[in-house]
Structures are given as structure tokens and as C-alpha cells.
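This report concerns only the one structure given below.
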Amino acid sequence: MLEVSGFNFTFDETKCLECGGKCCIGESGYIFVTLNEIRQIAEFMQMDFESFCLKFIKKVGYKYSLIEKKMQNGIGYACIFFDEETKQCKIYQKRPNQCIKFPFWEDYREDFNVLLKECIGVVKK
Ligand code: SF4
């Protein structure tokens with residue numbers, strides 16, 4: 001069980017195996033990435049930085065986000081790197097910090113019930 005100081009829930013990572021990637025799909029949103037993370041993912045994918053950005057990155061104000069795609073089943077969106085067949089992240093080893101920190105996001109600090117709809121691995125303390 002993972003715990004982070006200041007959050008009133010714990011997280012069991014083993015539940016990710018049976019979840020099907022709910023945190024990578026759903027409503028349209030942003031998966032923010034730093035320039036350093038973009039560089040690392042591009043390298044992981046054996047792409048040059050510019051080609052990678054043109055294909056997978058969108059600018060959001062002064063930030064950058066991975067793009068998303070429409071789900072094959074027509075219901076909602078998925079991160080461009082979510083594999084709908086295997087239900088796995090294609091860049092898991094280099095996934096952005098935003099993904100690594102899930103479900104310990106500020107938005108969920110006070111809103112456990114919203115998180116519970118998205119993640120079967122959390123338990124209120
Ligand atoms: S980068 Fe990977 S873990 Fe993060 S939202 Fe996309 S598919 Fe999910």
C-alpha cells in the first residue's frame with residue numbers, strides 16, 4: 001500500500017492489473033509533460049525531438065501536453081500512448097511525472113468520492 005503525507009487514502013498498485021487503465025481514459029483532459037520528459041520519451045521511442053513534438057505534443061497555454069485519441073469504442077478519449085488492446089501504457093518506463101503521481105493529485109486531496117469512480121486501488125484511511 002502506498003501512502004503520501006497529507007492524503008487521506010492509501011493506494012494499492014496491484015489493482016492496476018485488473019483496472020484496465022481508467023486513469024488513462026475517459027473525458028478529454030491533459031497529460032502535462034516537461035521539456036525534459038518530452039526529450040526522454042522521444043529518446044525512448046527512438047524519435048528525434050522535433051518529429052516527436054509534431055506528432056504527439058500540443059501546447060496548452062505555457063505548458064505542454066501529450067495529445068489524446070478517440071477511443072475505438074467511441075466512448076470518450078484515451079491518452080495517445082494508451083494501448084487499447086493490452087490496456088497498458090506504451091511508454092510506462094518513461095511515463096510523465098503526472099502519471100507517476102496518480103492518484104496522489106491535489107484535486108483528489110479533498111475529493112475522494114470523485115477519485116473512487118476512477119480508481120479501484122484507493123482505500124480511505
Ligand atoms: S503516458 Fe501512459 S500512464 Fe500516462 S496517461 Fe498516457 S498511457 Fe496513461
Side-chain angles (χ1 to χ4, degrees):
M1 284 285 192
L2 293 178
E3 290 186 43
V4 171
S5 170
F7 287 83
N8 64 354
F9 57 84
T10 59
F11 174 48
D12 179 358
E13 284 180 296
T14 63
K15 294 286 184 186
C16 295
L17 295 171
E18 56 188 276
C19 157
K22 272 182 158 179
C23 57
C24 307
I25 62 176
E27 291 175 21
S28 181
Y30 300 118
I31 306 113
F32 290 112
V33 277
T34 64
L35 285 175
N36 199 36
E37 287 171 335
I38 295 172
R39 279 188 202 100
Q40 288 184 32
I41 301 167
E43 189 180 335
F44 178 72
M45 295 189 66
Q46 300 181 316
M47 291 178 72
D48 68 77
F49 182 80
E50 192 179 349
S51 305
F52 181 87
C53 289
L54 287 170
K55 194 164 182 189
F56 297 118
I57 298 294
K58 67 180 170 187
K59 199 155 189 298
V60 184
Y62 60 90
K63 294 179 173 180
Y64 302 96
S65 172
L66 301 179
I67 61 168
E68 56 194 359
K69 59 186 174 184
K70 281 196 173 164
M71 294 277 287
Q72 285 164 9
N73 63 11
I75 305 170
Y77 295 84
C79 169
I80 192 70
F81 292 120
F82 182 69
D83 186 325
E84 292 180 65
E85 306 300 322
T86 64
K87 313 286 187 207
Q88 303 281 320
C89 172
K90 292 180 190 168
I91 56 163
Y92 188 79
Q93 298 95 318
K94 297 291 176 188
R95 68 199 190 285
N97 197 38
Q98 175 175 323
C99 309
I100 293 170
K101 282 170 71 180
F102 182 88
F104 298 101
W105 291 354
E106 285 306 313
D107 288 354
Y108 297 137
R109 197 188 283 274
E110 305 295 337
D111 214 341
F112 181 76
N113 289 331
V114 171
L115 171 60
L116 203 51
K117 287 181 197 153
E118 198 164 315
C119 182
I120 60 171
V122 291
V123 179
K124 199 157 192 176
K125 286 191 205 166

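Start at 1 and go down the list; that is how both ligands and their atoms are numbered.
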Worked check of side-chain hydrogen bond (donor to acceptor under 3.5 Å, both in side chains) between Asp12 and Thr14: CA-CA 6 Å; Asp12 179 358; Thr14 63; 2.6 Å; yes
Please evaluate residues Phe81 and Phe56 with respect to the criterion ring pair (Phe, Tyr, Trp, His ring centres under 6.0 Å), reporting the C-alpha separation (whole Å), side-chain torsions for both, the decisive distance (0.1 Å), and the verdict. CA-CA 9 Å; Phe81 292 120; Phe56 297 118; 4.8 Å; yes
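The protein non-hydrogen atom at the shortest distance from atom 4 (Fe) of ligand 1 is Cys99 SG, 2.3 Å. Summary of contacts: the protein heavy atom closest to atom 6 (Fe) of ligand 1 is Cys79 SG, 2.4 Å.
Atom 4 (Fe) of ligand 1 has no N, O or S atom of Cys24 under 2.8 Å away, backbone or side chain. Residue side and main chain included, Cys89 places an N/O/S atom under 2.8 Å of atom 2 (Fe) of ligand 1.
Each of the following atoms of ligand 1 lies closer than 4.0 Å to a heavy atom of Phe82: 7 (S). Each of the atoms 7 (S) of ligand 1 lies under 4.0 Å from some heavy atom of Phe81. Under a 4.0 Å criterion applied to the non-hydrogen atoms of Pro96, ligand 1 contributes the atoms 1 (S).
The line from NZ of Lys22 to SG of Cys16 is 12.5 Å long, rounded to the nearest 0.5 Å.
Both tests pass for Lys59 against the ring of Tyr64: distance under 6.0 Å to the centre and angle within 45° of the axis.
Using a 4.0 Å cut-off between charged nitrogen and carboxylate oxygen, Glu3 and Lys125 count as a salt-bridge pair.
Between the Glu37 side chain and the Thr34 main chain, a donor and an acceptor come within less than 3.5 Å of each other.
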